[in-house]
Each structure stands twice: as structure tokens, then as C-alpha cells.
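Nothing fancy with the numbering, it's 1 onward along the sequence. Note that this is a predicted model, so its numbers are computed, not measured.
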Amino acid sequence: MKKMIDLADRKRNPAGEILEAGQNYRKNEVLNNIVPEKNAKKHRDRTCHIHDLEYYDITYNCLGVSVMDMIGNRSRSFRGMLCALYRKIVDLANRQSGGIGFINFDSDIASYVGGESDTEIIDAFHEFFLDLNMSTRKGCEKPYVTFNFGLDTSLNGRRATLRMLEAYEKGDDRGNPFIFPNMVFKMKREINLEQNAVNYDLYCKALSVTAKRMIPTYFNCDSISNKMYLPETIGIMGCRTRVVTNVNGREGSLNRGNIACVTLNLVQMAYQCNGNMETFYSLLDENLESAKEVLLHRFHTLCEKGMFEEYYDEKYYLDSDKHHAFTMLKNGTLAIGFIGLWDAIGTIVGKDIEMPSIIDKHYKMAIEIIERMRDYTDKITREETLNFSLLATAAEGVTGNFAQFDNENMGKNFKACKKGYYTNSFHVPVTMELNYKEKIDFEGRFHRLCNGGSITYVELKEMPERNIEAVKEIIEYAYKNDCNYIGINFPMDNCCCCGFTGRIIERCPCCKSDKIRRLRRVSGYLSEEKSFTAGKRKELQQRTVHMSMNFMSEE
């Protein structure tokens with residue numbers, strides 16, 4: 001089996017070399033000896049990819065938590081609280097396969113703000129962020145940590161939020177951007193969006209930091225999918241994961257997470273159907289059933305063999321105090337993801353999806369495909385009394401792997417796989433020339449269908465540091481068009497010698513160094529360009545911008 005390792009956060013060091021070899025061995029062992037052969041074949045054939053295969057019978061994926069869950073309510077100084085929290089984050093990051101999401105980080109830390117000066121709070125955050133950007137996860141990766149914030153209106157909560165944003169904006173000791181934590185600003189009407197709202201100033205500060213650092217991203221608490229829930233109960237964990245409904249207990253994102261995920265290769269099904277939609281839907285139904293089977297097998301295998309003893313005496317996971325894996329894990333979600341919607345449609349209809357007019361023409365088909373998948377996950381949630389969800393997969397690892405395999409085996413005569421990657425989830429083709437409003441218009445309607453998580457991003461040519469109004473207009477247009485989760489991408493190069501940040505072609509314009517770190521977002525987290533998979537590198541090279549330069553001009 002070829003390597004399918006997500007290298008976006010992997011540091012090249014001895015631990016990483018050993019880990020990669022061990023992961024490959026472990027994945028083969030799991031695939032050959034634990035996964036049912038029917039599902040193992042689907043994985044090998046790049047039809048239904050099993051994510052985090054090496055953790056199949058060991059642990060779950062991600063979790064939403066609070067600071068109190070991790071360090072208790074013991075009296076601590078602000079700096080002491082962050083130090084204790086860092087130790088717990090490292091511990092938890094090595095017990096699960098995916099991200100840790102703090103659902104209300106601002107409210108969590110407000111009570112620890114005391115008599116510290118603003119400078120002392122900023123310095124404490126700065127040290128905390130430096131620690132989070134060390135390779136403490138498996139010895140060669142940074143912990144995947146997300147902080148959701150923006151709703152706390154208390155004096156201390158607001159103060160902590162502002163200082164946190166200032167520390168993140170400042171960067172490391174040389175001024176270089178931090179990669180982690182991923183920070184998510186929770187947008188909520190009457191709390192932070194209107195000019196007279198109490199947290200409007202925090203929203204404006206968040207926008208200004210985004211214009212320089214690509215972080216924060218933005219979570220829409222008022223979308224169709226989210227508005228029925230209390231905003232403090234929901235948030236993002238990982239690069240886009242959303243965990244809310246629960247047929248087995250308390251709803252919301254706290255103390256719950258995604259247990260496991262698979263991704264369906266829609267493009268491969270399109271090759272096989274030869275332009276016949278009935279055949280395509282038959283293949284889709286078959287593979288949805290296969291996805292359900294392998295997720296159920298994994299769930300029950302975890303309930304029997306998972307390493308959860310350490311959780312039972314903690315309050316991280318809902319119902320963990322019952323000391324029973326099934327009772328705990330039934331609160332989590334099982335996600336069926338998908339990749340390459342528009343690549344698949346282009347293959348079915350025999351046209352390149354290269355202009356907005358072609359998307360318009362086939363938009364109904366696209367919606368119907370995703371609605372069919374969502375109807376299926378809703379149906380099996382009722383039937384199995386477990387929380388199945390539909391995820392718009394990030395696909396860092398499989399986007400190029402799927403295309404390469406299909407090109408070598410079944411898609412040789414199709415253009416979709418020849419470009420070397422498939423487009424994420426429901427995103428419009430990255431090569432299509434359209435403005436940001438058109439992109440958001442096309443993608444907005446899909447968010448409500450993907451209850452397991454989704455993101456829409458807008459690509460800019462340059463860092464919009466001096467045009468924060470442009471960032472605000474994009475974010476608010478996406479908010480109004482029902483996007484659950486929103487990000488802005490732009491080239492963020494920084495000189496490792498002098499700290500200059502901006503667009504750098506070859507050498508730093510200040511010190512002439514060629515030691516340049518190039519940060520990009522292709523999945524949800526920021527990553528160094530040099531660590532991208534081959535498929536993501538090809539996608540990045542072909543991405544077009546979604547905002548005209550005359551709009552981006554300085555005010």
C-alpha cells in the first residue's frame with residue numbers, strides 16, 4: 001500500500017522518520033488483519049478512504065473541551081493556568097488522533113485574569129503560543145489545537161481576548177507568524193457584529209489580525225444549521241469539524257467529538273458510471289452503505305479494544321464517568337466525508353467545469369448528490385441510534401492520492417485525474433475565474449447539508465494588511481450567505497532571519513536572505529508549503545484569486 005500520511009504538520013526529525021515507518025507498518029497490519037476485507041479493498045482501491053487507519057482500534061479522532069475540564073478549578077495565576085493547560089494539551093494530543101477544540105476559550109480563561117498588566121498577559125500568551133508550536137505531538141508534530149472565542153462580554157473575558165489577539169499578531173521572538181493555535185472567532189448577532197454591540201471592537205481586532213496572519217477564521221453562530229443552538233454550546237474542533245446533534249444525550253460540541261471518518265471518492269464513481277446518473281446513484285448508494293459498515297465496525301472495535309482507561313476518571317468525554325466505552329463513545333459522531341463533487345459532475349456530463357455558467361447549469365445535480373448523502377446519514381442515525389454526519393472532507397492526504405491511483409487504473413481517459421488532484425468537498429474548481437461573491441454564492445447552500453463540518457475560503461493575491469474593510473466585506477458576505485465556517489487565504493511568506501512578512505518571490509527584500517518560510521492554508525490549518533502532499537502542491541499552484549486588485553487597493 002502506498003503512503004497516505006498527512007505531512008502538513010510533520011517535522012523532519014529522527015522521531016518523524018521512525019514514526020512514519022511505524023505508521024506504515026501499523027496501517028498495513030490493521031488493513032490486513034482487522035478491517036473487514038470488503039472494506040479494506042474499498043480503501044486500497046481509493047473508493048472509501050479510512051482516515052487515521054493506524055488508530056483504528058486504539059482511539060477516537062477529536063474532542064471539544066473546556067479549560068476547567070483539563071485543569072480543574074484550582075486557584076492559579078494567569079501564567080500558571082496557561083502552563084498547566086499546555087501540559088494537559090500535550091497529554092491529550094498524544095491520546096487521540098485528531099484535534100482539540102476549546103469551545104469557549106474566552107469564557108474559560110476570564111476567571112484567571114487578575115491584577116496582571118496588559119504586558120504580562122500578552123507575554124504569558126506569547127510563551128504559551130511558543131510552546132504550542134513545538135513538536136510535542138508524537139515527537140514530530142505540533143498539537144492540533146483550536147480556540148473558539150468572541151462571545152464573552154465580561155470585562156476580564158474581553159480583556160483576555162484582546163491580549164490574546166495581540167500576542168498572536170505579534171508572532172514569535174523574530175516576529176514570524178505562529179502556525180498554532182487555530183483561532184476561531186464566533187460571529188453572533190447582537191454580541192459582536194453590529195457597531196453598537198459590546199464585542200464589536202473585538203470583532204474588528206480579529207479582522208485586523210486575520211488581514212496579517214490568516215487567523216482567526218470565523219464560525220457563523222447564526223447560520224441555518226447553528227441558530228437553533230445556544231452559541232456557547234457549539235464550535236469548531238480540528239480544521240473544520242462540527243459536532244452538535246446527539247441522539248444519545250446532551251447536544252453541543254462540549255465533551256464530544258468525531259470518533260472516526262471515511263472519505264468517498266465521488267470522482268471514481270463518475271468514471272465508472274459512463275455518464276449514466278442511475279448508475280452513479282447506484283454506486284453512490286453502495287459506497288455509502290460500505291462507509292456505514294466500516295464506521296460501525298470501527299466503532300464497535302473501539303468499544304471493545306480502545307485505550308480509554310485514562311478517560312474514565314476525567315471529565316473530558318461525556319459519560320466517561322460511567323467507565324464504559326460504549327456509553328462514552330455513543331455521544332460522538334461517525335462522519336462520512338466526500339471529495340471532488342465538481343470533478344465528478346464534469347466527468348458525468350463530459351464537460352470541463354471551467355466557467356460559472358457551467359456550474360449554474362448543473363447546480364441542481366450537485367445539490368441533489370449532496371442531499372442524497374445527507375439523507376442517508378440522517379436515516380442511518382435513526383436506524384442505528386448513533387450519530388452519523390456528513391463531512392465536507394479537508395482531504396489533505398487523499399486529494400492527490402485518489403487522483404494518482406485513478407489515473408493509473410480507471411480514469412486514464414478523463415481529464416479530472418490528469419491534473420494530479422481532486423478538488424476538496426463541494427468547493428468550486430480552484431482554477432475557475434470568478435469573484436468572491438460568486439464563489440460564496442455557489443458554496444453557501446452546501447454548508448447546511450454538511451452537518452459534520454465544512455469551510456468556504458476566499459483566495460486573495462496579496463496580504464490585505466492595509467485593507468481590513470476588504471476582509472470584513474468577504475467575511476460578512478459569507479455570513480449572510482449561510483456559510484458555517486469561513487476563512488481567507490493569501491500568500492504569507494516570512495523571512496526566518498529578520499522576520500519580514502509579506503509576499504517574497506525569492507529573497508527577503510529587507511535582509512536578502514533566501515531562508516524563507518512559506519505558510520499557506522489548503523485544508524483548514526496553516527501549514528508550511530514545503531510539507532504539503534504532492535496533490536496539494538499541484539492544487540496550490542493552480543489556485544486563482546477571488547478578489548480583484550482594484551478592490552484590494554489601499555484606502
In terms of side-chain geometry, is the basic nitrogen of [X] or [Y] positioned less than 4.0 Å from the acidic oxygen of its partner?
X: K188; Y: D222; value: yes
X: D106; Y: R158; value: no
X: R79; Y: D123; value: no

Who are the salt bridge (charged side-chain N to carboxylate O under 4.0 Å, His left out) partners of [X], not counting sequence neighbours?
X: E166; value: R163
X: R213; value: none
X: E120; value: none
X: D108; value: none

Is the backbone N or O of [Y] less than 3.5 Å from a side-chain atom of [X], with the two atoms forming a donor-acceptor pair by type?
X: N133; Y: F178; answer: no
X: N148; Y: G101; answer: no
X: D343; Y: T423; answer: yes
X: N409; Y: F405; answer: yes
X: N467; Y: A470; answer: yes
X: N489; Y: R520; answer: no
X: R242; Y: G453; answer: no
X: D406; Y: C417; answer: no
X: N226; Y: N220; answer: yes
X: Y218; Y: L207; answer: yes

Can you find a side-chain donor-acceptor pair between [X] and [Y] that sits under 3.5 Å?
X: Y112; Y: N156; result: no
X: N258; Y: T241; result: no
X: K186; Y: N104; result: yes
X: E54; Y: Y25; result: no
X: T456; Y: E443; result: yes
X: H49; Y: T263; result: no
X: N265; Y: R46; result: no
X: S97; Y: D52; result: yes
X: Y485; Y: S223; result: no

### Query
Applying side chain to side chain donor-acceptor pair (under 3.5 Å), which residue pairs with at least one partner in residues 82-95 are found, sequence neighbours left out?
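Residue pairs passing side chain to side chain donor-acceptor pair (under 3.5 Å), neighbours aside: D91-R95, R95-E314.
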
#### Entry: Heavy-atom neighbours of E433 CD exceed 12 at 6.0 Å
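No, CD of E433 has 12 or fewer neighbouring heavy atoms, counting only those of other groups under 6.0 Å.
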
### Task
Take the angle between the ring planes of Y168 and F129 and call it parallel below 30°, perpendicular above 60°, tilted in between.
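Perpendicular.
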
### Message
Below 30° counts as parallel, above 60° as perpendicular, anything between as tilted: where do the rings of F125 and F78 land?
### Response
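It falls in the perpendicular class, over 60°.
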
Would you call [X] and [Y] a side-chain contact if the rule is heavy atoms closer than 4.5 Å?
X: F500; Y: S513; answer: no
X: T393; Y: S425; answer: no
X: L460; Y: I474; answer: yes
X: S117; Y: I122; answer: no

### Query
Centres of the F180 and F147 rings: under 6.0 Å?
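Centroid separation for F180 and F147: 6.0 Å or greater.
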
### Task
Would you verify whether the NZ or CZ of K439 falls within 45 degrees of the ring axis of Y457 while also being under 6.0 Å from that six-membered ring's centre?
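Yes, K439 and Y457 form such a contact.
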
#### Entry: Ring-face cation contact, Y144 with K142, 6.0 Å cut, 45° max
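That pair does not qualify as a cation-pi contact.
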
### Task
Report the C-alpha distance between S107 and D152 in whole Å, list the side-chain angles of each, state the deciding distance to 0.1 Å, and finish with yes or no for side-chain hydrogen bond (donor to acceptor under 3.5 Å, both in side chains).
CA-CA 5 Å; S107 296; D152 193 289; 2.8 Å; yes

### Task
Could you tell me which residues satisfy side-chain hydrogen bond (donor to acceptor under 3.5 Å, both in side chains) with D352, sequence neighbours excluded, listed by chain and number?
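Listed in chain order: K415.
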
### Message
Quick check on side-chain contact (heavy atoms from CB on, under 4.5 Å): which of L202, V184, T161 does F149 satisfy it with?
### Response
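Among the candidates, only T161 passes.
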
### Task
Please round to the nearest 0.5 Å and tell me the distance separating atom CD1 of I468 and atom CD of E465.
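I468 atom CD1 to E465 atom CD measures 8.0 Å (nearest 0.5 Å).
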
